[in-house]
Amino acid sequence: MDDVSHHPALPLLQADCANCFALCCVSLPFAKSTDFALNKPAGTPCKNLGQDFRCGIHTRLRDSGFRGCTVFDCFGAGQQVSQVTFGGRDWRTHPGTARQMFDVFPVMRRLHELLRYAAEALTLPDAAPVHAELRRALADTEEWTRADARTLAALDVGALRQDLNPLLLKASELVRAKVPGRRKNHRGADLMGARLAGQDLRGANLRGACLIAADLHRADLRTADLIGADLRDADLRGADLRDALFLTQPQLNASQGDPTTRIPPSLTHPTHWT
(Lines give C-alpha, C1' and ligand atoms only; values in the text may rest on other atoms or scores of the structure.)
Protein backbone atom coordinates (compact mmCIF):
# COMPACT_ATOMS: atom_id res chain seq x y z
CA MET A 1 0.00 0.00 0.00
CA ASP A 2 1.35 3.43 -0.91
CA ASP A 3 1.99 6.11 1.69
CA VAL A 4 -1.31 8.00 1.72
CA SER A 5 0.06 10.79 3.91
CA HIS A 6 1.86 12.50 1.03
CA HIS A 7 -0.74 12.42 -1.74
CA PRO A 8 0.39 15.25 -4.10
CA ALA A 9 -3.07 16.80 -4.42
CA LEU A 10 -3.75 16.96 -0.68
CA PRO A 11 -2.62 18.93 2.35
CA LEU A 12 -0.17 17.02 4.52
CA LEU A 13 -2.14 14.35 6.38
CA GLN A 14 0.43 13.95 9.16
CA ALA A 15 0.83 16.23 12.15
CA ASP A 16 3.50 18.90 11.71
CA CYS A 17 3.67 20.32 15.22
CA ALA A 18 6.37 22.84 14.31
CA ASN A 19 3.84 24.64 12.10
CA CYS A 20 0.91 24.41 14.49
CA PHE A 21 -0.06 26.65 17.39
CA ALA A 22 -0.54 23.69 19.75
CA LEU A 23 -4.23 23.53 18.93
CA CYS A 24 -4.70 20.03 20.35
CA CYS A 25 -3.24 21.27 23.65
CA VAL A 26 -5.77 24.09 23.88
CA SER A 27 -8.85 23.42 21.76
CA LEU A 28 -9.77 20.00 23.10
CA PRO A 29 -11.03 19.15 26.62
CA PHE A 30 -9.87 16.21 28.68
CA ALA A 31 -10.99 14.64 31.93
CA LYS A 32 -8.85 13.26 34.74
CA SER A 33 -8.52 9.53 34.07
CA THR A 34 -5.99 6.87 33.24
CA ASP A 35 -5.29 8.89 30.08
CA PHE A 36 -4.96 12.35 31.64
CA ALA A 37 -3.59 13.47 34.98
CA LEU A 38 -6.03 16.36 35.35
CA ASN A 39 -9.19 18.01 34.04
CA LYS A 40 -8.92 20.63 31.30
CA PRO A 41 -11.87 22.42 29.68
CA ALA A 42 -12.01 23.09 25.95
CA GLY A 43 -10.32 26.32 24.89
CA THR A 44 -7.98 26.40 27.89
CA PRO A 45 -4.24 25.84 27.41
CA CYS A 46 -2.80 22.74 29.06
CA LYS A 47 -0.66 23.65 32.09
CA ASN A 48 2.28 21.92 30.40
CA LEU A 49 2.16 24.13 27.32
CA GLY A 50 5.03 26.61 26.96
CA GLN A 51 4.97 30.08 25.45
CA ASP A 52 6.67 28.66 22.36
CA PHE A 53 3.66 26.36 21.74
CA ARG A 54 5.70 23.30 22.75
CA CYS A 55 4.90 20.72 25.38
CA GLY A 56 7.13 20.98 28.45
CA ILE A 57 6.88 17.26 29.21
CA HIS A 58 6.76 15.87 25.67
CA THR A 59 9.46 13.26 26.28
CA ARG A 60 7.82 11.95 29.46
CA LEU A 61 4.10 12.28 28.76
CA ARG A 62 3.25 8.69 29.63
CA ASP A 63 5.26 8.74 32.84
CA SER A 64 3.54 12.00 33.81
CA GLY A 65 0.01 10.63 33.40
CA PHE A 66 -0.74 12.02 29.95
CA ARG A 67 -0.99 8.83 27.95
CA GLY A 68 -3.91 10.29 26.00
CA CYS A 69 -1.63 12.89 24.43
CA THR A 70 0.62 10.18 23.00
CA VAL A 71 -2.36 8.49 21.35
CA PHE A 72 -3.83 11.57 19.66
CA ASP A 73 -3.06 12.50 16.07
CA CYS A 74 -4.68 15.39 14.19
CA PHE A 75 -3.99 14.00 10.68
CA GLY A 76 -2.36 17.33 9.83
CA ALA A 77 -5.35 19.48 10.76
CA GLY A 78 -3.33 21.56 13.22
CA GLN A 79 -0.96 23.09 10.73
CA GLN A 80 -3.74 23.48 8.16
CA VAL A 81 -5.78 25.61 10.56
CA SER A 82 -2.74 27.49 11.83
CA GLN A 83 -1.03 28.25 8.54
CA VAL A 84 -3.84 28.16 5.95
CA THR A 85 -7.16 28.97 7.60
CA PHE A 86 -5.65 31.65 9.84
CA GLY A 87 -2.66 32.53 7.68
CA GLY A 88 -0.06 32.08 10.40
CA ARG A 89 -1.77 34.32 12.97
CA ASP A 90 -1.53 32.61 16.33
CA TRP A 91 -4.11 32.83 19.11
CA ARG A 92 -1.68 34.42 21.57
CA THR A 93 -0.57 37.29 19.32
CA HIS A 94 -4.09 37.67 17.89
CA PRO A 95 -6.39 36.71 20.77
CA GLY A 96 -9.43 37.71 18.74
CA THR A 97 -8.91 34.60 16.62
CA ALA A 98 -8.75 32.19 19.54
CA ARG A 99 -12.35 31.09 19.94
CA GLN A 100 -12.96 30.63 16.23
CA MET A 101 -9.64 28.84 15.77
CA PHE A 102 -10.45 26.40 18.55
CA ASP A 103 -13.90 25.77 17.06
CA VAL A 104 -12.48 25.12 13.60
CA PHE A 105 -9.73 22.72 14.68
CA PRO A 106 -11.93 19.65 15.46
CA VAL A 107 -13.87 20.25 12.23
CA MET A 108 -10.65 20.29 10.23
CA ARG A 109 -9.43 17.16 11.96
CA ARG A 110 -12.54 15.27 10.86
CA LEU A 111 -12.06 16.55 7.31
CA HIS A 112 -8.45 15.39 7.26
CA GLU A 113 -9.45 12.00 8.60
CA LEU A 114 -11.91 11.63 5.72
CA LEU A 115 -9.21 12.68 3.26
CA ARG A 116 -6.91 10.05 4.67
CA TYR A 117 -9.47 7.28 4.24
CA ALA A 118 -10.37 8.35 0.70
CA ALA A 119 -6.71 8.68 -0.29
CA GLU A 120 -5.99 5.20 1.03
CA ALA A 121 -8.92 3.71 -0.87
CA LEU A 122 -7.46 5.20 -4.05
CA THR A 123 -4.23 3.24 -3.53
CA LEU A 124 -6.12 -0.09 -3.58
CA PRO A 125 -6.04 -1.63 -7.08
CA ASP A 126 -8.94 -3.96 -6.32
CA ALA A 127 -11.10 -0.94 -5.49
CA ALA A 128 -10.71 0.48 -9.02
CA PRO A 129 -14.47 0.28 -9.79
CA VAL A 130 -15.13 3.06 -7.23
CA HIS A 131 -12.00 5.12 -7.83
CA ALA A 132 -13.74 7.68 -10.03
CA GLU A 133 -16.36 8.40 -7.37
CA LEU A 134 -13.69 8.43 -4.70
CA ARG A 135 -11.64 10.99 -6.61
CA ARG A 136 -14.66 13.27 -6.83
CA ALA A 137 -15.38 12.88 -3.12
CA LEU A 138 -11.73 13.50 -2.33
CA ALA A 139 -11.67 16.70 -4.37
CA ASP A 140 -14.88 17.96 -2.75
CA THR A 141 -13.56 17.25 0.75
CA GLU A 142 -10.20 18.83 0.00
CA GLU A 143 -11.97 21.99 -1.18
CA TRP A 144 -13.66 22.30 2.21
CA THR A 145 -10.24 22.33 3.92
CA ARG A 146 -9.52 25.63 2.14
CA ALA A 147 -12.74 27.32 3.26
CA ASP A 148 -12.71 30.33 5.59
CA ALA A 149 -13.07 29.91 9.32
CA ARG A 150 -16.73 30.93 9.53
CA THR A 151 -17.71 28.44 6.82
CA LEU A 152 -15.72 25.65 8.45
CA ALA A 153 -17.20 26.27 11.89
CA ALA A 154 -20.70 25.77 10.48
CA LEU A 155 -19.84 22.75 8.31
CA ASP A 156 -21.74 19.50 8.83
CA VAL A 157 -18.88 17.02 8.51
CA GLY A 158 -21.22 14.19 9.45
CA ALA A 159 -23.11 14.67 6.19
CA LEU A 160 -19.86 14.51 4.23
CA ARG A 161 -18.93 11.31 6.02
CA GLN A 162 -22.31 9.76 5.20
CA ASP A 163 -21.67 10.49 1.52
CA LEU A 164 -18.17 9.04 1.59
CA ASN A 165 -18.78 6.01 3.78
CA PRO A 166 -20.63 3.90 1.15
CA LEU A 167 -17.66 4.36 -1.19
CA LEU A 168 -15.20 3.32 1.51
CA LEU A 169 -17.36 0.31 2.32
CA LYS A 170 -17.54 -0.71 -1.33
CA ALA A 171 -13.77 -0.33 -1.67
CA SER A 172 -13.35 -2.52 1.40
CA GLU A 173 -15.71 -5.17 0.06
CA LEU A 174 -13.90 -5.29 -3.29
CA VAL A 175 -10.54 -5.83 -1.58
CA ARG A 176 -11.76 -8.34 0.99
CA ALA A 177 -13.62 -10.35 -1.68
CA LYS A 178 -10.22 -11.49 -2.95
CA VAL A 179 -9.46 -13.26 0.33
CA PRO A 180 -10.12 -16.99 -0.01
CA GLY A 181 -12.47 -18.80 2.32
CA ARG A 182 -15.14 -17.50 4.64
CA ARG A 183 -14.37 -14.06 6.00
CA LYS A 184 -15.42 -13.18 9.54
CA ASN A 185 -17.96 -10.39 10.02
CA HIS A 186 -17.53 -8.59 13.35
CA ARG A 187 -18.79 -5.21 12.24
CA GLY A 188 -19.66 -3.14 15.32
CA ALA A 189 -19.16 -6.19 17.56
CA ASP A 190 -18.33 -5.97 21.26
CA LEU A 191 -15.05 -7.87 21.39
CA MET A 192 -13.67 -6.23 24.52
CA GLY A 193 -11.08 -8.55 25.99
CA ALA A 194 -11.78 -11.19 23.34
CA ARG A 195 -9.29 -14.04 22.99
CA LEU A 196 -8.33 -13.84 19.34
CA ALA A 197 -4.66 -14.75 19.60
CA GLY A 198 -3.25 -16.37 16.49
CA GLN A 199 -6.55 -16.25 14.63
CA ASP A 200 -6.79 -15.91 10.87
CA LEU A 201 -8.68 -12.62 10.51
CA ARG A 202 -7.65 -11.91 6.94
CA GLY A 203 -10.39 -9.99 5.17
CA ALA A 204 -12.47 -9.72 8.33
CA ASN A 205 -14.98 -6.91 8.73
CA LEU A 206 -14.03 -5.21 12.00
CA ARG A 207 -15.50 -1.81 11.17
CA GLY A 208 -16.43 -0.05 14.40
CA ALA A 209 -15.69 -3.12 16.52
CA CYS A 210 -14.81 -2.68 20.19
CA LEU A 211 -11.47 -4.44 20.58
CA ILE A 212 -10.42 -2.80 23.83
CA ALA A 213 -7.86 -5.04 25.57
CA ALA A 214 -8.52 -7.81 23.05
CA ASP A 215 -5.82 -10.47 22.76
CA LEU A 216 -4.75 -10.27 19.13
CA HIS A 217 -1.14 -11.27 19.51
CA ARG A 218 0.10 -13.22 16.48
CA ALA A 219 -3.28 -12.69 14.75
CA ASP A 220 -3.29 -12.30 10.97
CA LEU A 221 -5.16 -9.06 10.22
CA ARG A 222 -4.04 -8.55 6.65
CA THR A 223 -6.78 -6.86 4.56
CA ALA A 224 -9.05 -6.73 7.63
CA ASP A 225 -11.20 -3.58 7.62
CA LEU A 226 -10.36 -1.69 10.82
CA ILE A 227 -12.04 1.64 10.14
CA GLY A 228 -13.32 3.00 13.45
CA ALA A 229 -12.24 -0.07 15.42
CA ASP A 230 -11.34 0.68 19.04
CA LEU A 231 -7.90 -0.84 19.64
CA ARG A 232 -7.17 0.70 23.03
CA ASP A 233 -4.83 -1.62 24.91
CA ALA A 234 -5.37 -4.38 22.34
CA ASP A 235 -2.45 -6.82 22.36
CA LEU A 236 -0.94 -6.68 18.87
CA ARG A 237 2.40 -8.28 19.72
CA GLY A 238 3.52 -10.31 16.74
CA ALA A 239 0.32 -9.54 14.84
CA ASP A 240 0.40 -9.01 11.08
CA LEU A 241 -1.38 -5.80 10.06
CA ARG A 242 0.28 -5.37 6.69
CA ASP A 243 -2.35 -4.19 4.22
CA ALA A 244 -4.94 -3.81 6.98
CA LEU A 245 -7.61 -1.47 5.63
CA PHE A 246 -8.05 2.03 7.06
CA LEU A 247 -5.77 1.44 10.02
CA THR A 248 -4.58 4.77 11.44
CA GLN A 249 -1.68 5.93 13.58
CA PRO A 250 -3.95 6.83 16.55
CA GLN A 251 -5.28 3.26 16.58
CA LEU A 252 -1.74 1.89 16.73
CA ASN A 253 -0.75 4.46 19.35
CA ALA A 254 -3.59 3.29 21.58
CA SER A 255 -2.66 -0.39 21.32
CA GLN A 256 0.12 -2.56 22.70
CA GLY A 257 2.65 -4.05 20.31
CA ASP A 258 6.30 -4.95 19.95
CA PRO A 259 9.05 -4.95 17.30
CA THR A 260 7.58 -8.11 15.75
CA THR A 261 4.24 -6.43 15.03
CA ARG A 262 4.03 -5.92 11.27
CA ILE A 263 2.29 -2.74 10.12
CA PRO A 264 1.65 -0.88 6.85
CA PRO A 265 4.67 1.11 5.61
CA SER A 266 2.79 4.40 5.86
CA LEU A 267 2.56 4.03 9.67
CA THR A 268 5.21 3.92 12.37
CA HIS A 269 5.79 1.74 15.41
CA PRO A 270 4.73 3.75 18.50
CA THR A 271 7.61 4.65 20.77
CA HIS A 272 6.00 2.90 23.76
CA TRP A 273 6.03 -0.47 22.01
CA THR A 274 8.88 -2.54 23.38
Would you list the atom pairs, donor with acceptor, under 3.5 Å between side chains in residues 16-28 and any protein atom, with sequence neighbours excluded?
unit_1	atom_1	unit_2	atom_2	d
D16	OD2	N19	ND2	2.7
S27	OG	F102	O	2.8

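- Between L61 and C69, the shortest heavy-atom contact is CD1-CB, 4.0 Å.
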Please lay out, stage by stage, how D220 and R222 fare under the test salt bridge (charged side-chain N to carboxylate O under 4.0 Å, His left out).
-> CA-CA 6 Å; D220 192 342; R222 287 175 292 172; 2.5 Å; yes

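- Classified by interplanar angle (parallel below 30°, tilted 30° to 60°, perpendicular above 60°), the ring pair F105/F72 is tilted.
- Distance CZ/R218 to CG/L236: 13.0 Å, rounded to 0.5 Å.
- Between R202 and D200 there is a salt bridge, with a side-chain nitrogen of the basic residue lying less than 4.0 Å from a carboxylate oxygen of the acidic one.
- One hydrophobic cluster, built from ILVMFWY side chains closer than 4.5 Å, cannot hold both L115 and L267; they sit in different ones.
- To the nearest 0.5 Å, the span separating CG on L122 from OH on Y117 amounts to 15.5 Å.
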Verdict with supporting geometry, N205 and H186, side-chain contact (heavy atoms from CB on, under 4.5 Å) = CA-CA 6 Å; N205 185 346; H186 295 306; over 6 Å; no

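- With sequence neighbours excluded, the residues forming a side chain to side chain donor-acceptor pair (under 3.5 Å) with T151 are D148, listed by chain and number.
- At least one donor-acceptor pair closer than 3.5 Å links the side chain of R183 to the backbone N or O of R176.
- Atom CZ of residue R242 and atom OG1 of residue T261 lie 12.0 Å apart, to the nearest 0.5 angstrom.
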N/O donor to acceptor pairs below 3.5 angstrom from side-chain atoms of residues 207-216, sequence neighbours left out:
unit_1	atom_1	unit_2	atom_2	d
R207	NH1	D225	OD2	2.9
R207	NH2	N165	OD1	2.7
D215	OD1	H217	N	3.3
D215	OD1	H217	ND1	2.6

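- Side-chain contact between F75 and Q14 is absent, with no heavy atoms from C-beta onward closer than 4.5 Å.
- Side-chain contact check for W144 versus M108: every heavy-atom pair is 4.5 Å or farther apart.
- Summarising the geometry of L201 relative to A219, their closest heavy-atom pair is CD1-CB, 4.5 Å, with the distance given to 0.1 Å.
- Side chain of T223 to backbone of D243: no donor-acceptor contact under 3.5 angstrom is found.
- Side-chain atoms of D73 do not come within 3.5 Å of backbone N or O of Q249 as any donor-acceptor pair.
- Under the 4.5 Å side-chain criterion, counting only non-hydrogen atoms from C-beta, I57 is in contact with C55.
- The ring-ring contact (aromatic ring centres under 6.0 Å, His included) check on W273 picks up H269, with sequence neighbours excluded.
- Taking CG from L160 and CG from L155, the interatomic distance works out to 5.0 Å, rounded to the nearest 0.5 Å.
- Note: the hydrophobic cluster containing L111 also contains I227 (ILVMFWY, side chain heavy atoms under 4.5 Å, direct or indirect links).
- In this structure, a donor-acceptor pair under 3.5 Å is present between the side chains of R62 and T70.
- Considering CG of L231 and CG of D235, their distance stands at 11.5 Å, rounded to 0.5 Å.
- Side-chain contact check for T248 and Q251: at least one donor-acceptor pair (N or O, by modelled atom type) lies under 3.5 Å.
- Open room surrounds CZ on R99; 12 or fewer heavy atoms of other groups in view lie less than 6.0 Å from it.
- The closest side-chain heavy-atom distance from V104 to M101 is not below 4.5 Å.
- Around the NE2 atom of H272, the shell of radius 6.0 Å holds more than 12 heavy atoms that belong to other residues, nucleotides or ligands.
- Contact check for R187 versus L169: side-chain heavy atoms found under the 4.5 Å cut-off.
- A distance-only check finds no donor-acceptor pair linking the side chain of K32 to the backbone of F36 [under 3.5 Å].
- In this structure, L226 and F246 have side chains that are not in contact, with every pair of non-hydrogen atoms separated by 4.5 Å or more.
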Can F53 and W91 be said to form a ring pair (Phe, Tyr, Trp, His ring centres under 6.0 Å), step by step?
-> CA-CA 10 Å; F53 300 114; W91 49 270; 5.6 Å; yes

I would like to know whether L206 and L221 meet side-chain contact (heavy atoms from CB on, under 4.5 Å); could you show each step before the answer?
-> CA-CA 10 Å; L206 292 164; L221 289 152; 3.8 Å; yes

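- Two residues are said to be in side-chain contact when any heavy atoms from C-beta on lie closer than 4.5 Å; H112 and Q80 meet this criterion.
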Run the numbers on R150 and Q100 for side-chain contact (heavy atoms from CB on, under 4.5 Å), then give the verdict.
-> CA-CA 8 Å; R150 181 173 296 181; Q100 196 171 45; 4.0 Å; yes

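- The list of salt bridge (Lys or Arg N to Asp or Glu O under 4.0 Å) pairs with a residue in residues 251-270, not counting sequence neighbours, reads D240-R262.
- A side-chain donor-acceptor contact under 3.5 Å links S33 to the backbone of D35.
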Only pairs under 3.5 Å count here: list side-chain donor-acceptor contacts from residues 124-137, not counting sequence neighbours, and write none if there are none.
unit_1	atom_1	unit_2	atom_2	d
H131	NE2	A121	O	3.1
H131	NE2	L124	O	3.1

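- Residues R116 and L247 share a closest heavy-atom pair of NH2-O, 3.0 Å.
- Cluster membership for M192 and L196, using ILVMFWY side-chain heavy atoms within less than 4.5 angstrom, is not shared.
- Side chain of S255 to backbone of L252: a donor-acceptor contact under 3.5 angstrom is found.
- Taken together through direct or relayed side-chain contacts under 4.5 Å among Ile, Leu, Val, Met, Phe, Trp and Tyr, V107 and V84 form parts of separate hydrophobic clusters.
- Here C74 contributes atom SG and L13 contributes atom CG; the two are 10.0 Å apart, rounded to the nearest 0.5 Å.
- Checked for salt-bridge contact, D233 and R67 meet the test: a charged N lies under 4.0 Å from a carboxylate O.
- The shortest side-chain heavy-atom distance between T97 and D90 does not fall under the 4.5 Å cut-off.
- Between the side chain of S64 and the backbone N or O of R60, at least one donor-acceptor pair lies under 3.5 Å.
- Using a distance-only test at 3.5 Å, with no hydrogens or angles considered, a donor-acceptor pair links the side chain of S82 to the main chain of G78.
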